[in-house]
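Shown next, in structure tokens, is the structure this report addresses.
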Amino acid sequence: MLSKPSTSSVPSHVTFQFLKFFANHGNLGRARQLFDQIPEPNLHSWTILINAYTKWGIPKESIKLYFGLRKKEIEPDKFVLLSVAKACAACSDLSRGIRVHEDAIRFGFVETDLVLGNALINMYGKCGSAEGAQKVFDDMPMKDVISWTSIAASYVNCGLPGEALRVFREMGLSRVRPNSVAVSTVLPACSDLKALNLGREIHGLVVRNWQGENVFVSSGLVDMYAKCSSIRQARMVFDSMTRRDIVSWNVILTTYFSNGDCEEALKLFDSMKGEGISANPASYNAMIGGCIHNGLNERALELLAQMQGLGFKPNQITITSVLPACANLESLRGGMEIHGYGIRHWFVEDIIVATALLLMYAKCGNLEGARRIFDYMPRKDTVAWNTMILANSMHGHGEEALSLFREMIDLGIKPNSVTFTGVLSGCSHSRLVDESLASFNSMSRDHGIKPDADHYSCIVDVLGRAGRLIEAYEFIQKMPVEPSAGAWGALLGSCRVYKNVELGRIAANHLFEIEPDNPGNYILLSNIFVNAELWDDASKIRKMMRDRGITKTPGCSWIQVKDRVYTFVAGDKKTAQSDKIYRFLDELSEKLRLAGYIPDFDFALQDVDQEEKEEGLGGHSEKLAVAFGIMNLNKGSSIRVFKNLRICGDCHNFFKFTAKIVGVQIMVRDSMRFHHFRDGFCSCNDFW
DNA sequence: ATAGGGTTAG
């Protein structure tokens, strides 16, 4: 009937009825066609179409239409304004939202229409403008619960939970009774601030005022208690709920994972079904993220497969949760596969996904890959900049870390305390002493950020690595925060390098108190003694370790060849190719000696373990892994080895020669940083 | 016109 419409033969009120019909049923193409046939569409027709585009998830088109209408100088009414305000909120389109607000003022609706006012508050909140939301709120002569809730939600949305709670208080003082929506809006603000007492107060208010249970509120309470680290309280509320939905379950799962209790979380995950609740994609994301956070990487991958088996497609959140596992397993290949999946699904546009990818590349040793992601990001926030700075620091590119920092400041991106952790650690790895002191001093002066224990430790590290041990020690004594293990550890490490026995003793004794179970500190001090030929002291340390039941963490290194990760421990003789590897290493050593390599036997003694000492330098796990890599990887591809402890000094020297003589690029990531060996040099400038 | 869970940096 409508296949060949002609405006002259169909009365306009009939066209209008059809327009309404198609708009209501989501057939926007048809609705648009009809709309375009109306020679002079009236406001009502415009409104119907604008409303439909917002309602059916195409808010951009609504906004476009609205401004088309304004061009025709048709005066908007409150209904169109409401619809387009919602559309601006959905698109986070602040600049258009402001124009809509101006229209609302110009045509006199802000003072008269509560509903529109509320929608405008909401629009500003969703667009990230807390000031805008507050302005609308202040201009409204009448406010109801929804206005109050909307302004509170705006603050939560804009990352100002303290303001949200202030609003909630004021709301009470204005004799507006909060309803369940208001409470569930404001509970996450308590969680963000870890405001347990306020959260408890709100809990009391809920108990006193409502008999009936509300799932939103109860789940919010569970979450609030969990985030305020009251796991028992969270569980009590959860257990007391008469009806739980999928969100309640997801909250309790996350609670246990964040508390490190994977067993309980996994148990609860299995028991949901018994209550007739089946896991949704968010449940799987919570499970995968939780497992990975707690080191259960394999389990996470199983859950990922299980999730896909159920027909749930991994989304942005899934892949950002999985990516850290790729760095943990040092599986660049797996990470790149996820990158590919992200590209195919347009997830890489997401700033959080992109940041996670960036870090994955950096942690897998591919700094260029990390940089490509960074350059491609359309919008970069503080976290993205911090991650890029940290990536450069890890790889020993202190200058680049600093120049990124300057660039970030010039662009007006606000740094935070993590920014400085990245910059300072980058400086310390690159011996940029003056630069690091300068940026440390600028923290509170220019950026209003109070240095924390980590920042102080970085400075100790900088001074120590520069050989300014006394200054480093004085700095520790003067610092206004309790010196952490990081600070003393940095000093102890420098004492090892600069062979300072007395300060080494002092630093180690502090460490023995702060972290009595960390074997590394005992080993370091014992090495310092051995080096100074203080054999008695060294054996005392070894006795101390035995008495306390502390064993040395075995050094292990691994490398990926094709799809497999091969792991080596010191003196490893069990590997399939171990005979070949040792023969290869022997021959290689000979060649390197001719080129000037001198083995440093100091490091043969670095291991307290008896058997390991016997193996000497030749069997260090990183040497085995590198040799294996040279033997098994194609010529021209670079060798990427990962080690759980700090790289040994002799191995470091050995690799510099290897890189030059064999003509390969070797990358070793140890527990401190990345080392890139190339043509006889290491990116760390022999400083680690 | 207002509501909850799963995600990125140390």
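Naming: A, B, ... by sequence-line order, numbering from 1 per chain. The analysis underlying the following values was restricted to heavy atoms, covering all of them including side chains, and did not include hydrogens, waters or symmetry mates.
As judged by a 4.0 angstrom heavy-atom cut-off over every strand, K227(A) is placed among residues touching the sugar-phosphate backbone only. Looking at heavy-atom distances under 4.0 Å, S417(A) makes contact with a base. Within 4.0 Å of V215(A), counting heavy atoms only, lies at least one base atom of the nucleic acid. The residue V251(A) sits close only to the backbone: its heavy atoms come under 4.0 Å of sugar-phosphate atoms, none of a base. Counting non-hydrogen atoms under 4.0 angstrom, N122(A) reaches the backbone sugars and phosphates but no base. Using a 4.0 Å heavy-atom criterion, one finds that T254(A) contacts the sugar-phosphate atoms exclusively. Among the heavy atoms of the strands, none lies under 4.0 Å from D350(A). At a threshold of 4.0 angstrom between heavy atoms, the contacts of I121(A) with the nucleic acid are absent. Within the nucleic acid shown, T387(A) comes within 4.0 Å of sugar-phosphate atoms alone, with no base atom in reach, counting heavy atoms only.
The salt bridge (Lys or Arg N to Asp or Glu O under 4.0 Å) check on K267(A) picks up E264(A), with sequence neighbours excluded. Qualifying side-chain hydrogen bond (donor to acceptor under 3.5 Å, both in side chains) partners for Q316(A), counting only residues two or more places apart in sequence or in other chains: none. For N280(A), the side chain to side chain contact (heavy atoms under 4.5 Å, CB included) partners at least two apart in sequence or on another chain are I246(A), N250(A), A282(A), S283(A). T242(A) meets the side-chain hydrogen bond (donor to acceptor under 3.5 Å, both in side chains) test with E213(A); sequence neighbours excluded.
First and last contacting nucleotides of DNA chain B toward chain A (any atom under 4.0 angstrom from a heavy atom, 5' to 3' order): dA1(B) to dG10(B).
The salt bridge (Lys or Arg N to Asp or Glu O under 4.0 Å) contacts involving residues 379-393 of chain A comprise nothing, where partners must be two or more places apart or lie in separate chains.
No donor-acceptor pair under 3.5 Å is formed between the side chain of S444(A) and the backbone N or O of K450(A).
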